[in-house]
Amino acid sequence: MENKRVRLRYAPSPTGPQHIGGIRTALFSYLFAKKHGGDFILRIEDTDQTRFVKGAEEYIIESLNWCGIKIDEGVSVGGPHAPYRQSERKALGIYQKYAEQLVKDDFAYYAFDTGEELDEMRKRLEAAKVVAPQYNSVSRQNMKNSLTLSEDEVKKLLSENVPYVIRLKVPRSEEIRFHDIIRGWVVVNSSQVDDKVLLKSDGMPTYHLAHIVDDILMEITHAVRGEEWLPSAPAHMLIYRYLGLESTMPQYAHLPLLLKPDGNGKLSKRDGDRLGFPTFPLDWTDPATGELSSGYREKGYFPEAFINILVLLGWNPGTVQELFTLEELAQLFTFERVSKSGAKFDPEKAKWFNQQYLRKKSDEEIAALFLPLLKEHLPAGSPLLESKYVTTFCKLIKEKAHFVNEFWSLGSYFFIAPESYDADVLKKRWNEQSEKFMLVLTDNYKAIDNFTAAETENIFKQTGEQTGVAVGTVMQLLRVLLTGVGGGPMLFEMMELLGKKETLQRLETALTKVKN
RNA sequence: GGCCCGUUCGUCUAGGGGUUAGGACACCAGAUUUUCAUUCUGGUAACAGGGGUUCGAUUCCCCUACGGGCUACCA
């Protein structure tokens, strides 16, 4: 065990898009694997044919790719343990073999009860005031299974192809102890565990059997999953034991859940956009209803920011560092620093993270991201699409933004002269004095050639002295005359970028318009 | 209902028997930039409650409360 190569898998069910909790599970698994120089495997658990959703598998792969989580082995890349899709593994008879072995060893049994019979059993137990009606060591005695039927009867039913399931034969009362990396020892009495179905009547394994068989065959060393699996973990321990695989079973880590920010319950796929922030990494269109759920990618989040947000939900490095690259995380990550309690997603902090990464990026990188968006607003071939202009624009505007996709609404006036002017600022600052100042300023600007930020600022101050106007009272007004709005990036830097001609033109236009 | 897991500022969290209980986001204030914003500085704000154990508990134990999970031939 000690020298085994570390291998972790992310094993989602393709029932739709993965929500951010699932991606976090994948991320933690990936980080742990990489920290120990091991492998990250993607396995698709498509054992429920009724819930299969087309496109879900592709979505999962694309999501992981976007996050920068590299799949070493799995459905998309293959590997020594292929196939990695459980439906295909079932076709190979892999699970059936294990289930039959358990029956043979008297750790499992055939059950022929129909759905109606199961319903009746539950009703009967409820009527008898049984607190937790379940198919277990007691109730199984009154059901139709290979424990109550004679050997001949069982053989007959089997030969007649009567549908059956294989159930785990859970002992009546036995303490089951298991160790969780995050929670320590957990003890449950087997009387609380029901006789779980291992093999369904359609021949497919249930999650309980399938994940164990595959984790063993794929040599998984650490099984990471959400806390919602904790109650069924004792059953899983029993299966390992009955299969004689306890010594090679993976260590389990049950992660705290991601909670709905509005109070109660775990975050769910169905939350969609209801909460005002995306629940999914990427946009997803439901193939059945056509309904669109938005994703972080399309909302304008950088993948670096996205994983940074996720990793800090339930984990921390124990230092004050908050910004990490994937590589750094792969160095720092440990399960010891994963907390036990659920975490709510904070949309405000998420924006802050994206802003941090926005500021980290070079102006050239950002310009490349913004250019396609800009092209939607400008005619092809516009001189304003020129690289230097756009790059400088990005340099100025990024200080004001959280997302690249805010750039246009924040700074469209860099590309289109304003049509109207902020009425509040005008009301407050426009008067004879300031008008005089602007006229003198216009003349002064006309007279200079090097229209740099430093120079225009100088002239601006000089004009203040010249006219006896306190420049603080006209600075924002000048901004409004040039851009229409009261806020924006550094004023003189902005003027430099606009250039002398454009600046003067806007100033003159504004002066005539505002007068009326 | 039963079983399991949890509980530090509004949120994410650090800490851990003796601390002014630390940081981050958000919020507020001041400073600076003779503009808005940025930035900087400061501030408001938390150990769920009750019992123990102890010289001393937020920290360890128990109970209660609250929150969450599970209770399918779903994962």
Side-chain angles (χ1 to χ4, degrees), chain A residues 11-15 22 45-48 50-51 86 111 113-115 118 122 126 129-135 163-167 180 182-183 186-189 191-194 196-208 210-211 225-234 254 256-257 259-261 263-266 309 312-323 337 339-353 355 359 399-401 410 422 425 429 457 460-461 464 469-480 483 485-491:
Chain A
S13 181
T15 56
E45 309 220 326
D46 55 347
T47 53
D48 187 351
T50 63
R51 294 206 309 158
Q86 288 184 331
D113 316 279
T114 62
L118 292 172
R122 276 181 212 110
E126 272 165 35
K129 299 275 196 290
V130 172
V131 282
Q134 55 182 17
Y135 205 116
Y164 67 91
V165 299
I166 292 180
R167 283 183 182 271
D180 180 273
I182 294 169
R183 281 149 219 286
V186 178
V187 184
V188 181
N189 193 284
S191 61
Q192 302 300 323
V193 181
D194 67 336
K196 295 211 178 305
V197 170
L198 266 20
L199 203 71
K200 300 187 261 188
S201 55
D202 63 0
M204 279 285 187
T206 58
Y207 168 82
H208 306 295
H211 95 274
R225 57 173 28 168
E227 194 187 358
E228 72 263 28
W229 289 106
L230 214 40
S232 53
H254 289 93
L257 265 18
L259 274 14
K260 298 179 201 285
N264 36 30
K266 64 171 172 173
I309 293 160
L312 254 14
L313 252 27
W315 175 85
N316 75 82
T319 65
V320 295
Q321 186 179 357
E322 290 206 282
L323 266 22
R337 298 209 65 89
S339 55
K340 298 181 179 71
S341 45
K344 288 176 190 167
F345 184 88
D346 182 355
E348 285 304 318
K349 187 135 191 191
K351 283 159 95 178
W352 177 82
F353 273 111
Q355 181 186 40
R359 290 181 179 182
E399 296 302 323
K400 324 286 294 182
L410 247 26
D422 187 305
V425 176
R429 298 298 191 190
E457 183 171 1
F460 178 78
K461 285 176 183 167
V469 172
V471 288
T473 65
V474 287
M475 199 155 180
Q476 197 180 14
L477 178 62
L478 175 58
R479 174 187 291 284
V480 167
T483 70
V485 293
M490 302 295 291
L491 179 55

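Chain letters run A, B, ... following the sequence lines, proteins first, then strands; residues in each count from 1. Values in this document were obtained by computation on a predicted structure and should not be read as measured data.
- Of the side-chain N and O atoms in A/N316, one or more sit less than 4.0 angstrom from OP1 or OP2 of B/A14.
- Atom name C1', nucleotides B/C73 and B/G50: the rounded distance is 47 Å, in whole Å.
- Across all strands shown, A/K340 has heavy atoms under 4.0 Å from sugar-phosphate atoms exclusively, and none from any base.
- Across all strands shown, A/V165 has heavy atoms under 4.0 Å from base atoms, whether or not it also approaches the sugar-phosphate.
- Residue A/T47 has a polar side-chain atom (N or O) positioned under 4.0 Å from OP1 or OP2 of B/A75.
- Where A/V320 and A/Y135 meet RNA chain B, the nucleotide closest to each residue was compared, and A/V320 sits on the side nearer the 5' end.
- As a whole-Å value, the separation of A/K266 NZ from B/G6 C1' is 16 Å.
- If you check every strand for non-hydrogen atoms under 4.0 Å, A/R225 touches nothing.
- A/G464 comes within 4.0 angstrom of no nucleic acid atom, judged by non-hydrogen atoms across all strands.
- Here A/Q355 lies out of heavy-atom contact (under 4.0 Å) with every strand.
- Exactly one of A/V186, A/N189, A/V188, A/V187 qualifies for a side chain to side chain contact (heavy atoms under 4.5 Å, CB included) with A/P234. That residue is A/V188.
- A/T15 places no side-chain N or O within donor-acceptor distance of the main-chain N or O of A/R51, the cut-off being under 3.5 Å.
- Distance check on atom P: B/C63 versus B/C3 gives 12 Å, rounded to whole Å.
- Comparing atom distances between the A/D346 side chain and each of B/C5, B/C74, B/U11 picks out B/U11 as nearest.
- Base pairing of B/U19 is not made with any nucleotide, judged by Watson-Crick or G-U wobble geometry with both donor-acceptor distances under 3.5 Å.
- Atom NE2 of A/H254 is separated from atom P of B/C5 by 12 Å (rounded to the nearest Å).
- Residue A/K351 qualifies as open at atom NZ: its count of foreign heavy atoms under 6.0 Å is 12 or below.
- Within the 3.5 Å criterion, the main-chain N or O of A/V474 finds no donor-acceptor partner in the side chain of A/R429.
- Rounded to a whole angstrom, the distance from the C1' atom of B/G43 to that of B/G22 is 16 Å.
- Rounded to whole Å, the distance from CH2 on A/W352 to C1' on B/C27 is 16 Å.
- Comparing B/U38, B/C25, B/A75 against the side chain of A/E399 picks out B/U38 as the nearest.
- The distance between atom CE of A/M475 and atom P of B/C36, rounded to the nearest whole Å, is 9 Å.
- Between A/R51 and A/S341, the one whose closest nucleotide on RNA chain B sits nearer the 5' end is A/S341.
- Remark: the separation of the C1' atoms in B/U32 and B/G42 is 14 Å, to the nearest Å.
- One finds the CZ atom of A/R167 at 9.5 Å from the NZ atom of A/K196 (value rounded to the nearest 0.5 Å).
- In this structure, of B/C12, B/A37, B/C74, it is B/C74 that holds the atom nearest to the side chain of A/T206.
- Not one N or O on the side chain of A/K266 forms a donor-acceptor pair closer than 3.5 Å with the backbone of A/E227.
- Counting atom types as modelled, A/S201 pairs a side-chain N or O with a base atom of B/C73 as donor and acceptor under 3.5 Å.
- Looking at the side chain of A/E228, the nearest of the listed nucleotides B/G69, B/C5, B/U13 is B/G69.
- The separation of B/U19 from B/C12, taken at their P atoms, amounts to 27 Å, rounded to a whole angstrom.
- The backbone N or O of A/Q134 sits nowhere less than 3.5 Å from a side-chain atom of A/D194 that would complete a donor-acceptor pair.
- Annotation: B/G17 and B/U11 have their P atoms spaced 26 Å apart (nearest Å).
- Taking 4.0 Å as the cut-off between side-chain N and carboxylate O, A/R122 and A/E126 do not count as a salt-bridged pair.
- Distances shorter than 4.0 Å separate none of the side-chain N or O atoms of A/S232 from OP1 or OP2 on B/U71.
- With A/Q321 contributing its side chain and A/L323 its backbone, the two residues share a donor-acceptor pair below 3.5 Å.
- B/G2 and B/C70 make up a base pair, with Watson-Crick or G-U wobble contacts both under 3.5 Å.
- With B/U35, B/C12, B/G69 as the candidates, the nucleotide lying closest to the side chain of A/L257 is B/G69.
- When both pairing distances are held under 3.5 Å, B/C40 makes a Watson-Crick or G-U pair with B/G30.
- Between the P atom of B/G69 and the CH2 atom of A/W229 lies a distance of 15 Å, rounded to the nearest Å.
- For the C1' atom pair drawn from B/U20 and B/C47, the interatomic distance equals 15 Å after rounding to whole Å.
- Of all nucleotides listed (B/U11, B/G69, B/C73), B/C73 comes nearest to the side chain of A/R167.
- Under 4.0 angstrom from either OP1 or OP2 of B/A72 there lies no side-chain N or O belonging to A/K200.
- Whole-Å rounding puts the A/R479 CZ to B/U33 C1' distance at 12 Å.
- Of the side-chain N and O atoms in A/R337, one or more sit less than 4.0 angstrom from OP1 or OP2 of B/G15.
- Here the P atom of nucleotide B/C25 and the CZ atom of A/F345 are 16 Å apart, to the nearest Å.
- When both pairing distances are held under 3.5 Å, B/U7 makes a Watson-Crick or G-U pair with B/A65.
- When the nucleotides B/C5, B/U13, B/A37 are ranked by their closest atom to the side chain of A/R183, B/C5 comes out on top.
- Comparing B/G1, B/C73, B/G68 by their closest approach to the side chain of A/V131 singles out B/G1.
- Nucleotides B/U54 and B/U58 are separated by 15 Å at their C1' atoms, to the nearest Å.
- For the pair A/E457 CD and B/U35 P, the computed distance is 10 Å after rounding to whole Å.
- Checking the phosphate oxygens (OP1, OP2) of B/C36, no side-chain nitrogen or oxygen of A/R429 falls inside 4.0 Å.
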